[in-house]
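Comments concern the structure below.
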Amino acid sequence: MSAAEPSAVFLPGSTVGFLGSGQLGRMSAMAAKAMGYRVAVLGPRPDDPAAQVADVFVAGDLQNPADLARLFAAADVVTAEIESVNADALRTLQARRPVRPGPSVLAIAQDRLREKETLAKIGVPVAPFRPIARPEELAAFVAELGRPCLLKTTRGGYDGRGQVRVERPADAATAFESLGGGKAGLIAEGLVPFVKEVSVVVARCADGAVRSFPVAENEHRRGILHRSIAPARIPAALADAARRLAEGVAHALEVVGLLAVEMFVDDQGRLLVNELAPRPHNSGHYTLDACVTSQFEQNVRAVCGLSLGAVDQLRPAVMLNILGEHLPAVRSRYTELLKDPYLKIHLYGKAEARPGRKMGHLLVTASSVDEAVERAEALWASLTP
Ligand code: AMP
C-alpha cells in the first residue's frame, strides 16, 4: 500500500505532521504524543504554541510550496490545524503523503462563497447568500431580502474580522468600500435572526465511520467566542438533528479527520449552517476534560486511520476563553483559582498577550449544566470586575 492510500494506517512511532503552529495544533500534538506518535510542525516561529511541543519544527509559510514540502519530508501523514494553507500545493504533495482532511475540503472551508455553494448543493440549509462584485449588487440583494445583511470577505476573515453589517440598500456603497472596494472577493449573507449559535465537532474515518461530539452552545463577544456550554441547552430532538446534519456534511465532503460545523438555531427552531472548519474547534475544547475521548485524540485517531473513541460526555461543562486582556487576572489569581478542584486552566504558552488574542481557556465542570453555568458566571465575574 502506498503512503498516500486513503485508508493507510499509521501506528505510534510514525510522525504526524501539522500545518500550523497555534493552540489547536499544540493540543492535537499533545494528544498524539500521549499516544506515542512523533510530531512535526510547520509554522512561522519556533516558540509558537505547537512548535514548543513538536519533535521537529519546520520554520516556514503555509502558502509556500517549498516550505510545505519540507514538512511533508518530515512526516508520515499530514493534517492542518488552520484552513488557510496552500490547497493547490497540497494537491501535488498528497501523492507523497496522505493529507487528512484532504485539500479539496480545505479549499472549500477557506472560501466562504465556495463553502455556502457546496452546502447549498448538498441540500444543507444556509442563510440566503450572494457573491458581490459591485455595490449595486449589494444594494439589490438587501432590497430583495427586505432585512439587513452581512457583507463578508470570502477569504481570510476570522473572529468577526472582515465583515460589516449592511442595514439598508443606501448603505451598500460605504460597506463595499470598507471591505476593500471589490479588491478581495465578497459575499453577502442575509442576517439570520438566531436564538442560539451551536456547533458540532464530528470525526470521520476513511471507511466512513463517524462519531459526533455532543452539541455545544456558543456565545460570542465582539465577534470572538466567549464561552461554550455543553451539552447545549436545546431540545434533545434538535441536538440529534444538529449531530446528524454535521455527520451528513462530513460524509458528503468525504472528510477524513475532524470537521466542526457551526450552526444557527433560528427563531423558528430551524438549523442553518454558518461555517465549516476541517480541524479541531474552539467550541470543542470542553471535550478535553469532559468527554471520554477529546476532540484532539479523536483527530489523531481519524488522521492515523484508527478506530474512533467514545464521545460520551462525563460531566456538563462550560468553557471560557482567556483572551490577552484576561490573562493578567488569571495569572495573578492562579493558585487561588486552582483551589476549585473542578476548574481546569489551559494556557497555550504564547509569549505575547495582545487584546483579543486567545491565550488559553478555563473549563468548569459540574453535575448539571445549570450548575456549571452558574459557577462559570461567578468565576467570570470575579475575573473581570
Ligand atoms: P463568521 O465569521 O461567519 O463565523 O461570523 C462570526 C459571527 O458573526 C457568527 O458567529 C455570528 O455571531 C455572526 N454572524 C455571521 N453570519 C451571520 C448571519 N448570516 N446572520 C447572523 N449572524 C451572523
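All ligand and atom numbering here is 1-based and tracks the order in the structure.
At a 3.5 angstrom cut-off on N or O pairs, Leu150 does not count as close to ligand 1. In terms of polar-atom proximity, defined here as any N/O pair under 3.5 Å, Phe194 makes no such contact with ligand 1.
Against a heavy-atom cut-off of under 4.0 Å, Leu191 is close to the following atoms of ligand 1: 20 (N), 21 (C). Interface of Gly190 with ligand 1, defined as ligand atoms under 4.0 Å from a residue heavy atom, comprises 18 (C), 19 (N), 20 (N).
Of the listed options Glu219, Glu197, Arg221, Glu197 places a heavy atom closest to atom 12 (O) of ligand 1. Among Glu275, Glu189, Lys152, the residue whose heavy atom lies closest to atom 3 (O) of ligand 1 is Lys152.
Contact annotation for Asn218 and ligand 1: no heavy atom of the residue comes within less than 4.0 Å of the ligand.
With sequence neighbours left out, the side-chain contact (heavy atoms from CB on, under 4.5 Å) criterion links Asp289 to Lys344, His346, Leu363. For Gln268, the side-chain contact (heavy atoms from CB on, under 4.5 Å) partners at least two apart in sequence or on another chain are Asp266, Arg270.
Between the side chains of Arg333 and Ser382, at least one donor N or O lies within less than 3.5 Å of an accepting N or O. Defined by atom type and a distance below 3.5 Å, a donor-acceptor pair is missing between the side-chain atoms of Gln298 and Arg211.
Side-chain contact between Pro231 and Gln313 is present, with at least one heavy-atom pair separated by less than 4.5 Å.
Remark: aromatic rings of Phe213 and His281 are distant, center separation not under 6.0 Å.
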